[in-house]
Structures are given as C-alpha cells and as structure tokens.
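These notes are about the structure you will find just below.
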Amino acid sequence: MTGLLVPFREVVLKVHSRCDLACDHCYVYEHADQSWRTRPKTISDDVIFRTAQRLAEHAKTHALPSVSVILHGGEPLLAGPARLRRICEELTSAFDGIAALDLRIHTNGLQLSPRYLDLFSEYDVKVGISLDGDRAANDRHRRFADGRSSHPLVLKAVELLRQERYRHLNLGLLCTIDTENDPHAVLDALTELEPPLIDFLLPHATWDDPPPRPDGSPTAYADWLLAVFDRWQEQGRPVPVRIFSSVASTLNGGPSLTESLGLAPTDLVVVETDGRLEQVDSLKSAYEGAADTGFDVFAHSFDEVAAHPGVRARQLGLAGVSETCRACPVVRSCGGGLYTHRYSSAGSGEGFDNPSVYCHDLAALVHGIEARTSADAVAPAVAEPAELLAAQEDLTRTLLARLHADLDGRGGDPWAAGWELAAVLEGSEEGARELDAVLAHPYSRSWLLDSLDALYEERPGAASAAADGLRALLAAAAVRAGLDLRAPVTYRDGALVLPTLGRLTVGGPGEHGTVLVCAAGDGFLAGAAAGPAERRIRRVRRRAAAEPGWLPVRAFALPGGPAADRGFVIDDLDPYRDCFTGPAAATLGAAAAGRLGAALTEAWELIERRAPAYGADSADGPLTFTPLTGSVPGEPSVGRHGYGALGIGADERADTLALTLLRGVRRARFRALADVTDLYAADGSWEHRMPWQEELVPFSRLLAGTYERLALAAFDPRYRDGVPQALDTLEGAAELTVGGKRLLALMRKEF
C-alpha cells in the first residue's frame with residue numbers, strides 16, 4: 001500500500017473501560033471483541049503523559065492546525081473529576097504553542113454534575129450525550145443492569161447542559177436507531193431539548209451479525225430515517241441533523257460530514273486505557289482483535305500507526321471500497337458505508353471487501369433525500385439564463401470586494417478615491433446600471449483575477465496596477481452613464497484604454513501619465529491631470545471611428561429574432577484580453593474588423609436557418625470576440641475570464657465560424673455554470689468512454705463534450721452519433737450532483 005501518510009486529526013482516548021449502564025446494543029461489551037475485560041479500568045498517569053507527548057509530536061511533525069481529542073469509555077465520567085483534570089492539564093500543556101486542541105467528551109450523562117461541567121468549562125471540553133429519544137425508545141436498550149430506566153437521569157444531565165452558564169459546552173445528542181421505535185416520537189423528544197446537533201447512528205452490525213429487521217424490509221433503516229426527515233422538514237428543520245446534512249452536502253458536490261458516510265480518508269485513532277493504539281473502535285463488532293495494531297504509546301509513534309495496513313485500508317477513498325460499490329452511482333454519498341459494516345467472514349468477499357450490510361438502506365436514504373430536496377437544491381442558474389448572468393455578476397462583485405479587502409489600504413489614495421467614485425456611481429440608477437455593464441465585460445474579470453494573483457505573488461507594483469484598473473473601469477461606467485464626474489485614468493505607452501469603449505492615443509510610444517475623463521454629450525472629455533501645459537482637452541465621440549487617435553470597440557447587431565436588440569463586439573483593444581490558450585492578435589484594421597464582423601453576422605444567420613434553437617437567441621448576454629493568432633478554424637478558445645468572451649481566428653469563413661459560435665457559446669456557458677454551481681464531484685475518480693472518439697476520459701470532459709455536441713448535432717446530424725450513449729453514461733455516473741442531474745435532464749430534452 002503506497003502513498004503519503006494521512007495524519008490523525010481525531011483521537012479517541014479511552015479514560016475508563018467500564019460503564020454504569022448495561023445497554024444491549026453496545027459494541028464494546030456486547031459484540032465480538034471482549035478485550036475490555038483485560039483492560040485497566042482507569043487510564044494511568046503514564047498513559048496520559050505519553051499520549052499527550054506522542055500526539056503533540058504528531059501534530060508538530062505534520063503541522064496540523066488543530067487536533068480533536070474525544071474522551072471516551074466505557075463511561076468516561078467514571079474516571080472522576082481528578083483524573084479528567086489531569087488529562088486536560090497534560091494535553092493542554094503538551095499542545096501549547098504547537099496546535100489548537102479541541103477537547104470533547106461522549107457520555108451517557110448519568111454522572112454529569114456542575115462539578116464536572118465547571119471543569120469542562122475551564123478547559124473548554126464540549127459534551128455530547130447519548131439519548132435514544134423519548135422514554136419508551138431510550139428504555140428499549142439503555143437501562144441499568146437491574147432493568148431500571150436511565151431516561152430521567154439523562155434528561156437531568158441534558159437540562160443541566162442547557163443552562164446558560166454551560167450552554168457553550170453542548171455538543172449535541174447521539175441517538176442509536178432502532179426501527180421498532182416511533183420515528184416521529186423520537187425526533188420530537190430530541191428536538192424538544194433544543195440540542196445544537198442530532199447525530200443518528202446505525203447500530204453496529206456485520207454480514208455475520210446483521211442488524212435486526214423485524215419486518216424483513218431491506219430498507220427498514222432508510223424508511224425510518226426518511227420518516228424522521230419528513231417530520232424534520234415539517235418542523236422547519238429546527239436542529240441540524242448530521243446524517244441529513246452529510247447526504248445533502250455530497251449530493252451537491254461537497255464533502256461528507258461524518259465518518260460513516262462518504263469517501264474521505266479516515267483520520268481517527270483510538271488510545272485504550274492501557275496505552276494500546278487501535279483502529280476505529282467500531283471494528284470490535286467484527287471479530288476479536290479486529291481493531292488491534294500491535295502498537296502502544298510507549299514504544300510507537302502515531303506515524304507508525306498511520307502506516308498500519310488496516311489503517312491505510314480506511315484511507316483509500318474510492319479505491320478502498322468493493323468493486324460493487326465502485327460501480328454504484330450513490331457511492332460518492334454513502335462511501336460504501338462504515339468500514340465495520342462491510343465485514344464478512346465467509347464467501348468471495350471475505351473480510352471488508354463487501355458493500356455495507358446497510359447497502360440497500362444507504363441507497364434508499366440517498367435517493368429519498370435527493371427526491372425530497374433536489375428542487376430546492378438546484379441552483380436556478382442551471383435552467384435560467386437570467387439567473388446565470390446574475391450569478392456571474394455576483395461572482396465578479398465578490399471578487400472586487402475581495403480585492404478591496406486584500407489590498408487593505410495598500411492601494412493608497414488612488415484606490416481609495418476610486419472606491420469612493422464607485423460609491424457615487426452606485427448612488428445613481430444610471431451609474432449603477434452602467435457599472436454593472438462594465439463589470440460584466442469579461443476582461444473586467446481578467447483584471448480582477450490578475451490583480452489578485454499579483455497581490456498573492458507579491459509582484460512589484462501590484463497595488464498601483466490594481467488601482468489603475470479600477471479607475472479605468474469606473475471612468476468607462478461614468479462615460480456610459482453620461483454622469484458629470486471627473487475620473488483620473490492612467491495611460492501607458494501613450495494610450496488610454498476605457499474598457500468596453502475603446503482606446504485613445506494621448507501621447508507617444510513609451511509615454512505614461514494620468515488623464516482626467518469626464519462624460520460630455522455622446523462622448524467624453526479627456527484632459528491632462530498633470531504634465532505639459534500645452535496638452536489640450538480633447539472631446540471624443542464614443543462611436544465615431546473617424547476621430548483622430550480614437551479607436552472604439554467595434555460593435556455589431558445580432559441578427560433576427562428577439563435578440564436583435566443585443567449585439568456582439570470585437571474587442572482587440574483591452575489590455576487584459578490576452579488570456580486565452582493562444583496569443584491575442586494585434587489590433588485589426590478597419591477593413592479587417594469589418595470583414596470579421598460581417599462573417600460573424602453571416603454565421604449567426606446560417607445557424608438561425610439550420611439550428612434556430614441555438615441561434616442568436618441562445619446567447620444569454622453580450623458576446624465579446626477577440627481575434628487570436630494561430631487558432632484552429634471552427635475551434636474557439638475560452639479563456640480565464642468572465643462569461644461571454646471567445647477567442648477566434650481573424651480570417652475564418654462563415655461556415656467554419658458557425659461551428660466556432662456553436663462550440664464557443666456552449667463552452668462559455670458550461671464554464672460559467674461550473675463557476676457558480678457544482679455540476680459534478682470527485683472528477684477523475686472514474687473514467688468514461690467518449691463514444692465519438694473511443695477514448696476514456698474523466699467525467700467533466702464527457703459532460704462538457706456532450707453538452708457541446710448537442711448544439712453541433714442540431715446544426716449537422718452527423719454529430720448525433722454517440723450522443724444517446726453518452727447521455728446514458730452520464731445518467732449512470734456517480735459524479736453527478738443534483739445540479740448536474742438537472743442539467744442532464746435539460747440536455748435530454750434538447751436531444
């Protein structure tokens with residue numbers, strides 16, 4: 001087994017090996033491994049000291065920012081306040097200056113008192129309490145050895161933890177599922193206590209010792225949990241429920257939030273009361289010695305445990321689950337189930353190379369939650385072009401706010417003045433609208449990303465370059481809005497560039513300085529802010545191509561249909577346009593720009609005739625074309641910028657430009673969607689066949705390629721080959737999120 005070690009970020013420290021309850025579902029006392037009988041009842045000073053030192057050493061070696069230590073048992077409170085204080089002191093001392101220490105304790109609550117909670121408050125020890133619901137549910141398993149109910153004492157502990165002075169220690173409630181309990185009554189009893197979190201736990205079981213299923217249903221546990229989910233929804237989700245949050249997170253492309261689900265590597269180790277270092281405690285349900293590593297804190301480091309084959313087996317992610325699970329579309333959410341629950345002592349899957357004994361439950365739970373939440377979970381941008389544009393606008397605004405925060409005053413007076421000018425523009429309806437239009441220009445995003453990169457890389461002049469870019473954007477917005485505002489703009493190499501408007505020559509090659517720009521009628525005034533007194537104020541008409549020294553961005557109307565009031569531009573002027581895979585071409589002459597504009601218009605008309613659904617009306621917003629050198633005819637480039645910019649060849653014919661437009665608009669839209677919503681997760685974990693190229697590719701490439709090919713197929717039926725097979729492959733893939741599934745449904749409607 002190869003690969004880097006996954007350091008332990010969570011440690012279960014057994015402080016007492018006995019318990020004051022006799023729960024009949026307890027994996028420590030009632031399952032296969034009975035090693036507790038030979039353990040010391042209470043952890044010793046030596047074990048405490050060596051554990052603290054070893055763990056701090058581990059944190060330092062791996063530069064861990066924090067480590068969680070869970071005080072556990074048996075029943076950890078039986079160790080007594082003095083012993084627990086010693087543990088807290090040793091751990092706190094060992095971690096001082098090395099890493100943050102997150103102390104927790106999991107208890108049945110019977111011994112909990114202000115004396116304990118005052119100690120826990122002193123060391124910030126968070127408290128989780130086990131409670132299986134109302135009295136009837138809790139008494140089904142959690143009783144004293146003589147049969148007495150533990151429920152009143154547990155409620156007393158929970159109420160004590162709810163007091164104002166202890167509320168900050170409340171970690172939540174842990175509830176082990178029994179399908180014979182009323183799911184609604186269990187949830188109602190738990191939510192009534194207002195815990196910060198509820199953690200529902202499947203009872204530990206294996207294929208050798210399967211979970212009870214009184215009605216014989218293979219999905220009994222999923223049905224029970226979904227009944228809880230429905231009740232929880234009706235109540236307005238009053239309390240976070242970890243298992244529901246975890247499934248929702250993975251369905252939307254996020255991480256699992258619990259060890260029992262998902263593919264994240266396990267980073268947990270157990271220290272027994274005698275100092276033995278063991279794997280995850282639930283393995284005691286499998287067989288005698290299943291959790292044993294042969295290591296202890298006296299003679300071995302935590303790194304040695306992390307390299308143990310049994311530990312590494314739980315850190316392999318997708319490669320660590322059975323072949324059946326790897327081929328299952330819900331594996332990204334269920335992760336093959338808890339490692340312990342896969343165990344079988346017989347058959348072809350001897351050991352842990354099996355699906356979970358709760359396999360059908362987990363699949364039904366994931367599908368059930370998805371069916372109940374997908375409509376609300378899908379980002380509107382997936383289906384609504386206007387929402388996609390709005391989400392892209394929000395993203396650009398977020399990047400601008402981030403740049404402002406990261407500069408933290410380093411932009412000096414130029415940035416501060418620009419930020420004030422932005423506020424003035426925002427205060428005017430016309431100014432705000434035109435500022436949005438300039439920020440929507442794709443190369444505004446390029447400027448933002450470049451400025452952020454320059455700050456992170458500490459490039460010389462990064463702050464002043466960011467301020468220059470901001471002032472140019474704001475001046476362009478003010479001119480477009482016709483506002484009487486004077487905006488200072490930096491020019492370089494004799495040229496002043498106003499994004500979305502054009503380029504004005506104000507000096508000779510190599511000259512640089514500052515020009516004041518102010519709106520005037522259908523154009524703007526540009527005058528020297530400093531420098532030679534003879535430099536005169538110039539009046540420029542925005543769209544006048546014949547103005548001396550003024551070259552406007554070339555704009556063209558989109559042909560036909562409702563989109564005729566929109567258009568596209570050829571931007572071969574913006575200094576941030578060189579962000580494609582190929583280099584940007586030099587500025588086109590008037591004749592060349594006119595020919596390219598006419599060819600693009602003809603290409604749109606050709607698409608309107610042959611594939612009207614993908615014509616001008618399919619362009620969600622304004623399109624910006626930038627000529628590139630050395631581009632392949634029919635192949636657009638989508639660069640590192642905002643939505644709507646495409647790099648194309650300057651001399652393409654209309655027929656090849658039609659393919660360029662079809663591909664480009666779809667590629668740009670797919671990238672824009674991926675910017676604002678998760679369409680897939682775990683990309684690259686599987687390989688899929690690309691039918692029209694007969695090659696294996698990652699999911700992202702198959703999805704993007706199929707999305708693009710649908711438009712090409714509408715234009716030319718030859719591109720239909722392989723599309724049905726690709727759609728079927730996508731539908732059965734584990735990588736799809738709920739947003740990706742919604743996009744796939746729209747793609748099927750297109751075909």
Quick check: are there more than 12 heavy atoms from other residues, nucleotides or ligands sitting under 6.0 Å from CD of Glu429?
no
Taking only distance into account, with no hydrogens and no angle test, what donor-acceptor pairs under 3.5 Å do side-chain atoms of residues 627-634 form with protein atoms, sequence neighbours excluded?
{"from": "Thr629", "atom 1": "OG1", "to": "Pro583", "atom 2": "O", "distance (Å)": "3.4"}
{"from": "Ser631", "atom 1": "OG", "to": "Gly649", "atom 2": "N", "distance (Å)": "3.1"}

Less than 3.5 Å apart, any donor N or O on the side chain of Arg669 or Tyr707 sitting next to an acceptor on the other?
yes
Interatomic spacing from OG in Ser333 to CG in Leu261 - rounded to 0.5 Å:
8.0 Å
Exam field: side chain Asp574 to backbone Pro499, donor-acceptor pair closer than 3.5 Å
no
Within the side chain of Trp447, is there an N or O that forms a donor-acceptor pair under 3.5 Å with the backbone of Tyr576?
no
Pairwise distance CG(Leu727) to CD(Glu750) - rounded to 0.5 angstrom
9.5 Å
Tell me whether Arg742 contacts the main-chain N or O of Ala379 through its side chain, where contact means a donor paired with an acceptor under 3.5 Å.
no
Under 3.5 Å, is there a donor-acceptor pair between the side chain of Arg332 and the main chain of Thr250?
yes
Just by distance, do the side chain of Ser444 and the backbone of Ala440 share a donor-acceptor pair under 3.5 Å?
no
Name the orientation class of the two ring planes belonging to Tyr358 and Tyr221 (parallel below 30°, tilted from 30 to 60°, perpendicular beyond 60°).
perpendicular
For Thr626 and Tyr443, does a side-chain donor sit closer than 3.5 Å to a side-chain acceptor?
yes
Where at least one partner belongs to residues 703-731, residue pairs that pass salt bridge (Lys or Arg N to Asp or Glu O under 4.0 Å), sequence neighbours excluded:
Arg663-Glu708, Arg667-Glu708, Asp716-Arg718, Asp728-Arg748, Glu731-Arg748
I'd like to know if the side chain of Arg326 and the backbone of Val321 have a donor-acceptor N/O pair within less than 3.5 Å.
yes
Check this for me: Arg397, atom CZ, are more than 12 non-hydrogen atoms of other residues, nucleotides or ligands nearer than 6.0 Å?
yes
Main chain of Pro255, side chain of Ser249: is a donor-acceptor contact present, judged purely on distance under 3.5 Å?
yes
Between Phe715 and Tyr614, is the gap from one ring center to the other below 6.0 Å?
no
Pair Ser322, Arg342: side-chain N/O donor-acceptor within cut-off below 3.5 Å
no
When Glu695, Arg701, Glu735 are each screened for side-chain hydrogen bond (donor to acceptor under 3.5 Å, both in side chains) with His688, the one that passes is Glu735
Does any donor atom in the side chain of Asp678 or Thr737 lie under 3.5 Å from an acceptor atom in the other side chain?
no
Rounded to the nearest 0.5 Å, what separation is found between the CG atom of Leu596 and the CG atom of Leu588?
6.5 Å
Would you find a donor on one side and an acceptor on the other, under 3.5 Å apart, between the side chain of Thr587 and the backbone of Asp572?
yes
Counting only heavy atoms from other residues, nucleotides and ligands, does the tally under 6.0 Å from CZ of Arg689 exceed 12?
yes
